[in-house]
Amino acid sequence: MVGAKSLVVPELPETETIARDLDRELVGHRIVGVRVTRPDVLREVRAAELVRRLTGAIIGRSWRRAKLVVIDLSTGDRLVVQPRFTGALLIDAGSMPEEERRYSTLALDLDDGRSVHYRDIRRLGTVALMSADRFEKATTALGVEPLDPAFTGEHLSVLLRGRRRAIKKVLMDQRIVAGIGNIYANEALWRAGIDPSREAGNVTAGEGLALREAIVSVLTESIALRGTSFRDYRDASGARGGFVEHLAVYGHAGDPCPHCGARLIGTHAIDGRMTVLCARCQK
DNA sequence: AGGGGAACCCGTACGC
DNA sequence: TGCGTACGGGTTCCCC
């Protein structure tokens, strides 16, 4: 399976899974201690200020915006985690394995003895603490949530209209649609039968409907299986996602197309990222 | 508006 | 076996 070695990074379904896990586990618990061991993951605040503003706060809702995990706090602050490639939020009830612990960058100690670790192997992910106002400003440029009812086929067509860039690039542009990365862009375009290199503005209204349907279905199905893991993605309990076995094209260059049997093509020519497509099914 | 390039970071793969 | 090096990947930011 060509591409199996490539890194799979948290996109919308993976951050949604993390946020749901945390929401179920953490609401109402007080943060009694904060340990920052790798301050280079921090944004917006220094370690000392993070400790000061988090200690004593009660954890509210955990939720997702785009590929961000957002943890609301009783103080009005929001802890905003962007896992990027190898970040995970892991709840440690005393049994977190050493191979995870060694990559912990910061830990929140809770009032019941558990801890929440932000573990990040390569540390390109980020953790920021923001006021609600600051969060609104920082995320105002993000595009529509693809699982929001407002994201209809018609709305997608409006978003694509007049754009000269490749449809795959536009889908992955967080300012236009928020949360879609390389895996799900590839999968959705295959499901919709659209060549990823097509000029976005030339996607017809009918294709727009099919593409919206493909995006929503692939994201929804992946969330139901707790996301896609190849290597480093983990949910809050340290488990892998199950959607990897349902990927039709991503990681399958050279394999037969699940629909027509033609050999799937892998290319970096469109956006410098691995694109996998079926030249027979995708026009 | 949008394209290109650099920076961020380190495990992994690969060459010798 | 061990050492050195190239690579990848989302986002931001800077420049054109």
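A note on names: the letters A, B, ... follow the listed sequences, proteins ahead of strands, and every chain is numbered from 1. Fair warning: this is a prediction, and the values are worked out from it, not measured in the lab.
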A.B. asks: How close or far is atom C1' of B/dC8 from atom CZ of A/R122, stated in whole angstroms?
C.D. replies: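 About 13 Å, once rounded to whole Å.
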A.B. asks: Taking atom P of B/dG4 as reference, at what distance in whole Å does atom CG of A/D271 sit?
C.D. replies: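 Going from CG in A/D271 over to P in B/dG4 covers 11 Å.
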A.B. asks: Would you kindly give the NZ-to-C1' distance between A/K168 and B/dG3, to the nearest whole Å?
C.D. replies: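 From A/K168 NZ to B/dG3 C1': 16 Å.
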A.B. asks: Nearest whole angstrom, please: distance from the C1' of B/dC9 to the CZ of A/F85.
C.D. replies: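 So the CZ-C1' distance, A/F85 to B/dC9, works out to 9 Å.
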A.B. asks: Between A/H268 (NE2) and B/dG4 (P), how many Å, whole number?
C.D. replies: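 Those two atoms, NE2 and P, are 16 Å apart.
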A.B. asks: Taking only Lys NZ, Arg NE, NH1 and NH2, and the carboxylate oxygens of Asp or Glu, determine whether A/D195 and A/K283 approach each other closer than 4.0 Å.
C.D. replies: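 No salt bridge links A/D195 with A/K283.
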A.B. asks: From the options C/dG9, B/dC9, B/dG3, select the nucleotide whose nearest atom is closest to the side chain of A/R165.
C.D. replies: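 Minimum distance to the A/R165 side chain belongs to B/dG3.
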A.B. asks: In whole angstrom, what separates A/I167's CD1 from B/dG2's C1'?
C.D. replies: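 So the two atoms are 16 Å apart, to the nearest Å.
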A.B. asks: I'd like to know whether CZ of A/R43 has more than 12 heavy-atom contacts from other residues, nucleotides or ligands below 6.0 angstrom.
C.D. replies: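 Buried by this count: over 12 neighbours within 6.0 Å.
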A.B. asks: I'd like to know if A/K67 pairs up with A/E11 as an ion pair, taking the criterion as any Lys NZ or Arg NE/NH1/NH2 lying under 4.0 Å from an Asp or Glu carboxylate oxygen.
C.D. replies: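 Not counted as a salt bridge, because no side-chain N and carboxylate O are separated by less than 4.0 Å.
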A.B. asks: For A/R165, does the CZ atom have more than 12 heavy-atom neighbours from other residues, nucleotides or ligands under 6.0 Å away?
C.D. replies: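 Yes - once you tally the heavy atoms of other residues, nucleotides and ligands closer than 6.0 Å, there are more than 12.
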A.B. asks: Between A/L142 and A/F151, is there shared hydrophobic-cluster membership here, with clusters defined by ILVMFWY side-chain heavy atoms closer than 4.5 Å?
C.D. replies: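 Per the 4.5 Å side-chain linkage, A/L142 and A/F151 are not co-clustered.
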A.B. asks: How many Å lie between CZ on A/R123 and C1' on B/dA7, as a whole number?
C.D. replies: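 My rounded result for the distance is 15 Å.
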A.B. asks: Could you tell me how far apart A/R175 (CZ) and B/dG3 (P) are, to the nearest whole angstrom?
C.D. replies: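 Taking CZ of A/R175 and P of B/dG3, I get 10 Å after rounding.
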A.B. asks: Could you check A/R20, A/R24, A/R226 and say which one makes a salt bridge (charged side-chain N to carboxylate O under 4.0 Å, His left out) with A/D235?
C.D. replies: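 Checked A/R20, A/R24, A/R226 against A/D235; only one passes salt bridge (charged side-chain N to carboxylate O under 4.0 Å, His left out): A/R226.
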A.B. asks: Could you go over nucleotides 11-14 of chain C and give all protein N or O partners under 3.5 Å, atom names and distances?
C.D. replies:
from: C/dT11; atom 1: OP1; to: A/K67; atom 2: NZ; distance (Å): 3.4
from: C/dT11; atom 1: OP2; to: A/K67; atom 2: NZ; distance (Å): 3.3

A.B. asks: By the 4.0 Å heavy-atom rule, please label A/N182 as base, sugar-phosphate, or nothing.
C.D. replies: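 If one applies the 4.0 Å heavy-atom cut-off, A/N182 turns out to touch the sugar-phosphate alone, with no base involved.
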A.B. asks: Can you identify which nucleotide, out of B/dG2, B/dG11, B/dC9, has its nearest atom closest to the A/L124 side chain?
C.D. replies: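 Given the options B/dG2, B/dG11, B/dC9, the side chain of A/L124 is closest to B/dC9.
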A.B. asks: Answer yes or no: does a side-chain N or O of A/R38 lie under 4.0 Å from OP1 or OP2 of B/dC9?
C.D. replies: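 Checking A/R38 against B/dC9: no side-chain N or O falls below 4.0 Å of OP1 or OP2.
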A.B. asks: Does A/T275 form a side-chain hydrogen bond (donor to acceptor under 3.5 Å, both in side chains) with A/K168? I'd like the steps, not just the answer.
C.D. replies: CA-CA 9 Å; A/T275 299; A/K168 181 176 179 236; 2.8 Å; yes
A.B. asks: Does B/dG11 have its OP1 or OP2 closer than 4.0 Å to a side-chain nitrogen or oxygen of A/Y103?
C.D. replies: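 Yes, because at least one side-chain N or O of A/Y103 sits under 4.0 Å from OP1 or OP2 of B/dG11.
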